[in-house]
Every structure is written in C-alpha cells, then in structure tokens.
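Here is the structure we will look at.
We count ligands from 1, going down the list as the structure has it; atoms in each ligand are counted the same way.
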Amino acid sequence: MAEAKKFYITTPIYYVNARPHIGHAYTTLTCDAIARRKRMLGCDTFFLTGTDEHGVHVERAATAARTPPQPWVDNISADFRRLFDKMGISYDDFIRTTEPRHKRGAQELWKRIQENGHIYKGTYTGQYCVFDEAYVDGAKPGDPCPDCGRPTETVSEENYYFKLSAFAGQLLNYYEQHPEFIRPETRRNEVIAFVKSGLRDLSISRSTFKWGIPVPGDDKHVMYVWLDALSNYCTAIGFGAEDQAGQEKFKRYWPADVHMIGKEIIRFHCVYWPAFLLAAGLPLPKAVIAHGWLLFEESKMSKSRGNIVRAETVIDVLGNDALRYFLLREIVFGHDGSFSFDAVVQRYNADLANDLGNLSSRTLTMIARYFGGAVPYPSATAGYKPADDSVRQHAETAISEFGKLFDDYQFSRALEAAWSLVSSVNKYLVEQEPWSVAEKPGEEGRARLATILYTAAEALRVVTALVHPVLPESTARIWQQLGLGEISRFDLTGLKWGQMPLGGKLGAIEPVFPRADKTAIERMKQMEQDRTAALNIAQPTQSSSGGASAVPAPAATPAAPVAAVPDSKISIDDFMKVELRVGQVKAAEKVKGADRLLRLEVDIGTEVRQVVAGIALAYEPESLIGRKVVIVANLQPRKLRGLESNGMIVAASVGEEGKPVLAGFLEDVPVGSKLK
Ligand code: MSP
C-alpha cells in the first residue's frame, strides 16, 4: 500500500497577554476544518497550535500583577487550551514557547544561522524614550518623543543582528518560483513590493529585559521574540530534539504545508521566517495563507479596543458547529468580515435548523414511519422519474465542487455548493410529496415512495460526509442516525453516489439543530455584558510586532522593517481621554438574579454615581461601604440587568478565575481626585 501523504498545518501561536476571543477561535477552527478534511482524505495529518509566551510585555504585565512571569503565562496559556478543547479542536500538539523542547530547538536554530555566518554583533546609537522603552527613528539629540512628548536620551546598545538584507534576491526567487507560497494574491504582491523596496538587517537580540530565550553563548541577551516564536513551527515537530524519534518526526513533517495566519503578521511569516530558514539551511514552508480580520461594531476585534466577543458565548447558546458554520460560511475567506449576534442566529436558523435540520429530520422520520427504519431499495423500473436523476447529478456536482472550492480556501463558496444540494433535495421532497404518495395503495405507490426516500437519504449522506470537517459534531450525529456508524472513519476519497447500504437500519432519530428562539440573541449579549462587568479590568496589551521596533538596526544599516501594528499602543492623548477619579462607596447591594454583580453608589466629589460592578463573588457589599476606589468616570452609561451603570470600578483580575481585586491607595486621598 502506498504511504499516506503527509500534511502539516499550523495556526499562529497566540500571545498570552489577552484571553482568547473569537478572532483566535476563527483561525484555529479554520485550520481544524482543513485538518479534518485532510484526515478524511487519508493524509497523515499533523495539526499544531499553541501559545507565544515571551517578551517584554509579558514580563511587564506579570510584574504589574506582582506575579513571576511563569505562573502568569501558565494561566493564560491554559485558557487557550481549555477553549480549544471545549471547541473540540483536533490539534495534534499544543506548543508553548516556555517549554524546554522549544527553547532547545530555538537555540539550535540560532546556532545554525550563526554557524552559517548570518549573525553579527553591532552597536546602535540613537535617541531613546525611557518612558516608552523604544528608540525614536530619525530623532536628533534633544528631540522629544513623538508618542509621549518626553525628552529622548542618546543611548548606545550592542545587539546581535541578522543579515536579512543578504536574502532579498533568494526570497524574490522563491516567491517567483512558488506562486502558491503566499495567498491571497494581494498579500503576495504586497510582500514582493516590500522586499523589492530593500531589506534592512534585523536586530534579533534584546538585553533590556530577561523574559526570553537566552542567546546561545551570551546570556546577557535574549532572543528577539519573533525569532523565538516563529521557530515553534519546527521545534514542535522535533527540531533540536536529542532523541531519534524527535528527529524522525521533523524529517517526516517539515516543511509545513500550510501556515495559517491573520493578515497583520504576513511579513513575519513571508519575509523573516523564510529568510531565517534559508540562513539555517532548512527547507521553506509550502504556503502561508493569510485571512482577514473579524470585525465587531465596525472595527477589528481586539482587546485594546474593548470590542471582543468570546467564542464561549456563541458556543454555550448555539453550539460549536453554529460558530464554525457561521464563520466559514459568512466570511469570504481572505477578507475582513463582521460578526454580530443577530447574524449568527439568523444563519443558524436559516441554514442549519431549517435547511439541513429539516432535510435530515423529514427524511429519517419518513423512513422510520413508512419502512420501519430500514433504508428502502430504490426501484429502477417502477415509479422512476427524471427528478430523481437530477438529485443524483446535483449530488455528483456538489462532491466535485465542494472539494475544489474547499481545497482552494473558498470555504464560503464550498458551503454554498453543499447547501445548494440541501435546498434542491428539500425542494424535491416538496414536489414529490412522499407523504401523499404514501397514502396511495398498491405496489406502484410503494415503489415510488421507496425511490423518493432512498434518493433523499443518499443525498443527505453525501452532504453529511462533505461538510463533516466544518460541522463535526452534528454530522457525526446525523451519520449515526443514518445507521452508518463512526463518520470520522469514513474515507472521503471514495465518496460517490450510490453507496448507501440498502436495507440498513437507521439509528435513533433526534433533532440535531433545535431552532434558536428570540431570546438567543439577548442571552448572548447579556453574557458578554456580564463578562465585561465581571472582568472590570484593563489588562496590559502587547503589540503584534512583539517589540520589533524596540531596537532598530545599527546606524550603518538602516532600521529594521516592522509590520504595521494597527492596534497595539495608544498615544498619551488617547490615555488622557480616560477620566480616572477617586471615589468613595456610599451604598452597596447585590443585584437580584446576577451572582456576580453589585450595585454601588459612589461619591466622586461632584456627584454620587450608580455603578454596577462584577465584584460580588469577591466582596460582601457591607465591606465596601466607606472604601475609596478608582472609577473610570467618563464612560458612556450602559445597562446591566436593567440597571444603569455610570462608570467602571478599576480592579486587577487575579489568578485563573480572574478574581477582581479593587485598586486603592496606601495614603489617604481626597474623594474626586483625578488620576493621571
Ligand atoms: N504571537 C503572534 C504570532 C506568532 S506566530 C509565530 C501573534 N499573536 S496574537 O495573539 O496576536 O494572534 C494573532 C492571530 O490571532 C492573528 O494572526 C489571527 O490569526 C488571530 N486573530 C486575532 N484577532 C483576530 C481578529 N480580530 N480577527 C481575525 N483573526 C484574529 O500575533
């Protein structure tokens, strides 16, 4: 037997500075759907995800929480893993960059690049903003920092540099010879233009903080977080392993077939990463696929904008498959797309509860009622009509179209092709009226009924097999109900019309997609509001560039390129827009029907405000009377459980459960004082 083709797919590894949201879930579930289809096609598939845990921002966040970095990252990494497990993600490994296997592998990669002569030590002298901990490109001595306005200082620093500039030609060749390396095409053009505009050497070490992987042979420096992070794709499958099994695994799976990423990190994956690999003498990945952003309320969903939605909210109300179907059907892959609770419920009811749900329950219930639950034999002689044949043809088209489109990352169109089959079978049933045919006495009517229900069941089987990678839970149940056993064992390569075992016994029939009622949207919105109130905390953010701009290249070579980071840092002006004041709690009580919420009356000097805060699990109302707190005083009012909340109490979110601990002062401070 021929050896199974290998297929290695990765998600980005996620920063542990923020709790996971549906933006992260989107990338991961897309990879999961691809991995599941590859497995059904018989590929030896390896699917990797994980967390990116080093860098100055993590170090700072942990320090601010008075926690050493390791427990801090353990906590958030566990959150990602818990979410992916809850989502039923079929990852084969979950890599963490703080694991010894990763550190060893990343250092090995560094050594190879260094041995090949592509790393040098250089000194950079520039204007440095101590407050922002960043060099200011192009500033002269005495110039102020453009971000915070504070004076910059002249600083010299010695760092290790990677000769990125030497790889421009090889990279351009690779893009040219492998047009499939960067998808979609627009991103490919951007990357090519960027490389053609000239590459600058890249600073790949930092000596201003400690939370990272020590540079081999010089532990005063830690590795640049992106070199550390990107190497996960190799270290997770055994690169740098001392044992034979690890080395074999690396040989088997490297190079990766697909690195799936969000569009904001394309340069890191399409310029830096292939250059590091070329420098180390390793083969390059076959494809980097960049998807668009999930928008919520018109802007990119991100923690710093405060407009995130948790995947759990949708999953708890509508189920895993509803979230997967919505994101893959509604968003044109590669483009930005909007998320809204209304749209997700509408899609769920229309396509799943109505279309697929109805097809399945009607067909199966009628087979149970009219044929005692055994799949009927179609009759080739009696009662045969062209409509039956057109369902078959439609199913055959769906099989080839779905595969072509899905394998070309056009998930939305692939699902459209599958749903076009679902609709046409529903229409076929309405037109053929099996319920009326069943009323007719005699052999002919019986034969016709058998043909109709066989045709519908066979089409249902085809659709179920096709969309299993997208809807793994519900299709597994439909498959069982069709009496076909375990769907994950099904060999998709052989899918064709006419394989339904005739006379086969159906399993127990039960509805797969219960209709979402009117309260579903409200329940999801309420869950998100309660969560926001419960967290009640501004966590530190980390830029997508992981501090790439913190140390530019030496003066001899121009500054290192940095991908645009749209949502990482705010200016001092933005910060000053937030009005923080000292308040004093005058009254406090529990909110009926909400375990986590307290209603507080807080004196902020100029007035007494009603604030609803998610701190009831941590504080008894009486213990708060007279306590000085910090309040965000210029937030737009919002309703929580019908109560207007006029401000937000500032608290730290501590430990795995995010226990709120109120911010306060050691000295006595007058009520109404401003914080800045
Ligand atoms: N740690 C780096 C990646 C290193 S890979 C070697 C990083 N992490 S991240 O936590 O910021 O996650 C980035 C990825 O999460 C994005 O590339 C994207 O896949 C996903 N998304 C995060 N927010 C998203 C949206 N709002 N919309 C779509 N995807 C989003 O960058």
Side-chain angles (χ1 to χ4, degrees), residues 9-32 48-55 57-58 61 73 76-77 79-80 83-84 95-98 102 105-106 109 187 212 223-236 256 258-274 276-277 285 288-311 323 327-328 330-339 539 541-548 562-568:
I9 182 166
T10 65
T11 71
I13 48 170
Y14 301 103
Y15 283 137
V16 290
N17 65 318
R19 307 270 165 193
H21 57 71
I22 63 168
H24 306 115
Y26 175 49
T27 317
T28 310
L29 68 82
T30 305
C31 291
D32 184 65
L48 176 69
T49 189
T51 43
D52 182 354
E53 306 185 3
H54 288 128
H57 294 89
V58 172
V73 298
I76 302 189
S77 174
D79 251 10
F80 274 92
L83 171 65
F84 296 161
I95 181 92
R96 300 184 51 193
T97 55
T98 50
H102 172 75
L109 188 73
R187 305 274 162 236
M223 284 166 62
Y224 168 43
V225 276
W226 273 97
L227 175 52
D228 163 351
L230 287 160
S231 66
N232 92 87
Y233 300 133
C234 289
T235 63
V258 172
H259 289 317
M260 176 75 69
I261 58 168
K263 65 181 181 183
E264 76 289 356
I265 53 177
I266 193 117
R267 259 183 222 172
F268 297 98
H269 284 79
C270 296
V271 182
Y272 297 178
W273 181 226
F276 293 149
L277 290 167
V288 176
I289 313 290
H291 63 67
W293 286 337
L294 223 50
L295 312 176
F296 190 62
E297 291 159 356
E298 304 301 313
S299 53
K300 184 191 176 204
M301 200 178 283
S302 76
K303 193 193 61 175
S304 51
R305 288 200 174 86
N307 65 343
I308 60 165
V309 173
R310 290 170 320 144
L323 179 68
L327 293 175
L328 291 174
E330 190 86 6
I331 292 164
V332 178
F333 191 77
H335 294 254
D336 292 352
S338 286
F339 177 85
Q539 289 173 353
T541 59
Q542 178 167 351
S543 79
S544 303
S545 63
V562 177
V565 183
D567 66 335
S568 55

Heavy-atom gap His291 to ligand 1 smaller than 4.0 Å: yes
4.0 Å heavy-atom contact, Ala18 with ligand 1: no
All salt bridge (charged side-chain N to carboxylate O under 4.0 Å, His left out) counterparts of Asp228, not counting sequence neighbours: none
Polar contact flag for Tyr15 and ligand 1 (N/O pairs, less than 3.5 Å): yes
N or O contact, Gly262 vs ligand 1, cut-off under 3.5 Å: yes
Contact check: Ile13 vs ligand 1, nitrogen or oxygen atoms, below 3.5 angstrom: yes
Tyr233 N/O to ligand 1 N/O under 3.5 Å: no
Residue pair Val73 / Thr51, side-chain heavy-atom distance below 4.5 Å: no
Parallel, tilted or perpendicular, as decided by the 30° and 60° cut-offs, for the rings of Tyr14 and Phe80: parallel
Phe296-His21 aromatic ring centre distance below 6.0 Å: no
Atoms in ligand 1 flagged as close to Trp293, the criterion being non-hydrogen separation under 4.0 Å: 27 (N), 28 (C)
Parallel, tilted or perpendicular: ring planes of Phe276 versus Tyr272, cut at 30 and 60 degrees: tilted
Polar atom proximity, Ala229 to ligand 1 (N or O, under 3.5 Å): no
Nitrogen or oxygen of Thr27 less than 3.5 angstrom from that of ligand 1: yes
contact_flag Glu264 ligand 1 heavy-atom lt 4.0 Å: yes
Distance filter under 4.0 Å to Asp52 heavy atoms, resulting ligand 1 atoms: 1 (N), 2 (C), 4 (C)
